[in-house]
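Right, one structure below, let's go through it.
In what follows, chains carry the letters A, B, and so on, assigned in the order in which the sequence lines appear, proteins first and then strands, with residues in each chain numbered from 1.
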Amino acid sequence: MAEPILKVNSVTKCFGGLTAVNDVSFDVQPGEIIGLLGPNGAGKTTLFNVISGFYAPTSGTIIFKGQDISGKPPYTLADRGIGRTFQVVKPFAGLTVLENIIIASFLRYPKRKDAERHAWKILENTGLTDRADVSAASLTLAGRKRLEIGKALALEPTFLLLDEVVAGLNPTEADKTVELILELKKQGMTILVVEHIMRVIMNISDRLVVLNFGEKIAEGTAAEVARNPLVIEAYLGEAAA
Amino acid sequence: MKDKSIHWGLPILLVLIALPAVIQDTFFLRVITEAIMWIGLALAFDVLAGYTGYLNFGHGAFFGVGAYTTAILMMQAHWPFALALPMGGVLAGVGALIAGLPTLRLKGAYFAIATWALSRAVQQLALIMDITGGPDGMRLPSFLNPQFFYYLMLAVVAATFALLWYLLECSPFGLKLKAIREDDQGAMALGLNPTKLKMQAFILSAVPTGVLGGVYAYWITFIDPASTLGDLVSDQALVMVVFGGMGTLIGPVIGALLIFAFKTLFWAYLSDFQLLYLIILGAVIALSVVFIPNGLWGTLRGARSQKKTEEKKDEGPAAKLSPSEGE
């Protein structure tokens, strides 16, 4: 196997007395889609925030492309090639959709003109071209989630973290987003996905990592994970297992 | 997408340059000089308030630092005005750097309170120190040339406007600041360093304010803690920017002109009712915040762009589809 693009080494994150993520380790190979699963409060988003630099791990390390990135600020990681979306989307509401993407494009295209040209390309890829001049606040939820992906893509990342980009969409919109994710994989991007909708995550992920109460309880292919008694217990309760 | 109103800039500047030839009345020239100064102060205030989303209630302190630096260098160190004035801007910038380190971590009301408290501390310092003349203030040599100060003020404010126009409306810097204003967490994920950008904005706001303070000191020839370090500069700039339209460069200009004209007319004709001035001003601000939260210019521009999109819609779906079909 190739050298993993991301190594999560015994990462623990505590908030005061609460251990949100407890001694979690896993590797991500280049070009893979890894699904991060777990019931509400399992620590998925916290782990996301640790990997993308919003929190420093309490202990443990994150190795990205062979370098220790634990505790590095998000803007440094964006520059190194990590793009992320937010579960609670963060559009720049007072600005237009195009301006939102232009801001993200400045990272790779510091000149205004180049950034704008790049932003139009991203708009086309994410199906937002005809919404370019409306304010980001006036987008529907589906539109905002697309914008969120668009902004992450504008960074031209090698590694993409998607936090519930499908949840809350209707089936047609969801299918479109799944298509987009699979297209990105085809282009060689490595992706870590958090998603609640089983149908989606089971279908697109090469491998799954399952968290419960901050601990990793299973790792493997969709079929392997679905048979795992610990996973069944976490989702359906003890009796079912 | 770009604002076309900038095309009015050059003709207006030419008219302003020609103005002293037409106006012989020194009182009137003085009034216009002060109006231009307030435009500069409102513009500088808007860099942080409108573009970056930080209400700086200590804005006036930079004005005072510039005024006192210029005055002290001229009176104590016997520097010529031409050298003392830029130092006023430099020291205001250094002041912003020092004040920004702790305060820019705060947000919203906390930033407003912290900057207000710092500016009070600076005022107290000016009141107790010997070098500033304490409560008696400082007197500068009088240079009675209204034209000189008119042109100097105009040059400083026009240069400020041009610099801000370039940085905030043309270069990426303005959009990056707006990203911080809208959502600093989201901005961080896109590779922006909020701490650095906020600090740059703070300094960009402070330096022109300090220079204007220096010009004011030499122009008025007398400064004291109450006139240059009081709440007046911050409050007035805030009112002008909010009334005119935050986050734009035209808004503060309009706001500064209207509020200053109102103030001047009021004091000229109704000076017996000074109390009424503040009451009316307060009411105008309260009403404008409620009914035109984007300020005069923001509201006008919003109405205009809305009209434009409606016209676009009228062109029908065929017109909208054509560009994507072409590819």
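Residues B/Leu190 and A/Leu155 form a side-chain contact, since some pair of their non-hydrogen atoms from C-beta on lies under 4.5 Å apart.
In this structure, OG1 in A/Thr76 is found 10.5 Å from CE in B/Met188, a value given to the nearest 0.5 Å.
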Worksheet item: Would A/Leu95 and B/Arg181 satisfy side chain to side chain contact (heavy atoms under 4.5 Å, CB included), going step by step from the backbone distance to the final call?
Response: CA-CA 11 Å; A/Leu95 307 179; B/Arg181 177 190 72 194; 4.0 Å; yes
Worksheet entry | Criterion side chain to side chain contact (heavy atoms under 4.5 Å, CB included) on B/Lys178 and A/Phe92, from CA distance to verdict | CA-CA 8 Å; B/Lys178 286 179 183 173; A/Phe92 303 132; over 6 Å; no
Discussion item. Quick one, B/Leu175 with A/Arg112, criterion side chain to side chain contact (heavy atoms under 4.5 Å, CB included). Give me CA distance, side-chain angles, the key distance, then yes/no.
Written reply: CA-CA 10 Å; B/Leu175 266 184; A/Arg112 169 99 196 204; 3.6 Å; yes
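When every heavy atom of A/Ala78 is checked against every heavy atom of B/Ala189, the shortest pair comes out as CB-O, 3.6 Å. Scanning both residues, B/Gly186 and A/Phe86, for their nearest heavy atoms gives CA-CE1, 3.9 Å.
For B/Tyr166, the OH atom is loosely surrounded, since the number of other residues' heavy atoms within 6.0 Å does not exceed 12. Within a 6.0 Å sphere centred on NZ of A/Lys65, heavy atoms belonging to other residues, nucleotides or ligands number more than 12.
In this structure, no portion of A/Pro157 lies under 4.5 Å from any heavy atom of chain B.
Of all the listed residues (A/Leu107, A/Leu77, A/Ile103), the one sharing the greatest number of non-hydrogen pairs under 4.5 Å with chain B is A/Ile103.
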